[in-house]
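Below is one structure, written out as structure tokens; the observations come after it.
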Amino acid sequence: MVIGLLVVVGCTAVFGLVVGGALYAGSLGRLARRHRHRPPQPVGRPLERVVADLHRIRAEVLAPVPGASKVRRDATLAAYDDVLAEACRALGVPDHLTAVPPGTEREAERLHTEWLLEQAGVPVTSPR
């Protein structure tokens, strides 16, 4: 008697789930889409803007405005280093430039960073 009652209740529950699932399939799909994991949003500026700034500031570093003070030239070079570091972060390229103090070693590391970015597909020395 008890087993028969359990069979009837079990069959009714399964039938209810099947019919309910069919009736509310649209609602269940919307609920599943709402709670689906979204891809991560990019962090930082778009790479195109970073590369445009890289070209603009590099041109000013290579050919400073006539009569520019040493402070302005140093600030332009610091801005160029910052944009190089930002491009490295955006592409996952190792950035050792920011850890090197100003001087000959930093100049060499700047050239190395430019080369690494070129290898990663960013046209640093000449726009493509």
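For clarity, every value in this text was computed on a predicted model and none was experimentally measured. Computed over heavy atoms, backbone and side chain alike; hydrogens, waters and symmetry mates excluded.
Of all heavy-atom pairs spanning A120 and L91, the tightest one is CB-CD1, 4.1 Å. Taking both residues in full, the closest heavy atoms of P94 and L116 are given as O-CD1, 4.0 Å, listed atom of the first, atom of the second, then distance.
The list of salt bridge (Lys or Arg N to Asp or Glu O under 4.0 Å) pairs with a residue in residues 83-99, not counting sequence neighbours, reads R45-E86. The salt bridge (Lys or Arg N to Asp or Glu O under 4.0 Å) contacts involving residues 61-71 comprise K70-D74, where partners must be two or more places apart or lie in separate chains.
Not a single side chain to side chain contact (heavy atoms under 4.5 Å, CB included) links A59 to another residue, sequence neighbours left out. Residues satisfying the salt bridge (charged side-chain N to carboxylate O under 4.0 Å, His left out) test with R106, not counting sequence neighbours, are D81. Scanning for side chain to side chain contact (heavy atoms under 4.5 Å, CB included) contacts around S69 gives V71, R72, with sequence neighbours left out. With sequence neighbours excluded, the residues that form a salt bridge (charged side-chain N to carboxylate O under 4.0 Å, His left out) with E114 are R58. Scanning for side-chain hydrogen bond (donor to acceptor under 3.5 Å, both in side chains) contacts around H112 gives E109, with sequence neighbours left out. Not counting sequence neighbours, R73 has no partner by the salt bridge (charged side-chain N to carboxylate O under 4.0 Å, His left out) test. Partners of R49 by salt bridge (charged side-chain N to carboxylate O under 4.0 Å, His left out), not counting sequence neighbours: none found.
Here the CG atom belonging to L97 is positioned 6.0 Å from the CG atom belonging to L84, to the nearest 0.5 angstrom.
Taking a 6.0 Å sphere around CD of Q119, one finds it holds more than 12 heavy atoms contributed by other residues, nucleotides or ligands. Counted within 6.0 Å of CG on L62, heavy atoms from surrounding residues, nucleotides or ligands total more than 12; the atom is thus considered enclosed.
Inter-residue side-chain proximity for P64 and T76 is flagged as unmet; no heavy-atom pair is nearer than 4.5 Å. With contacts defined as side-chain heavy-atom distances shorter than 4.5 Å, the pair R56/V83 does not qualify.
For the pair E60 (side chain) and V65 (backbone), a donor-acceptor distance under 3.5 Å is absent.
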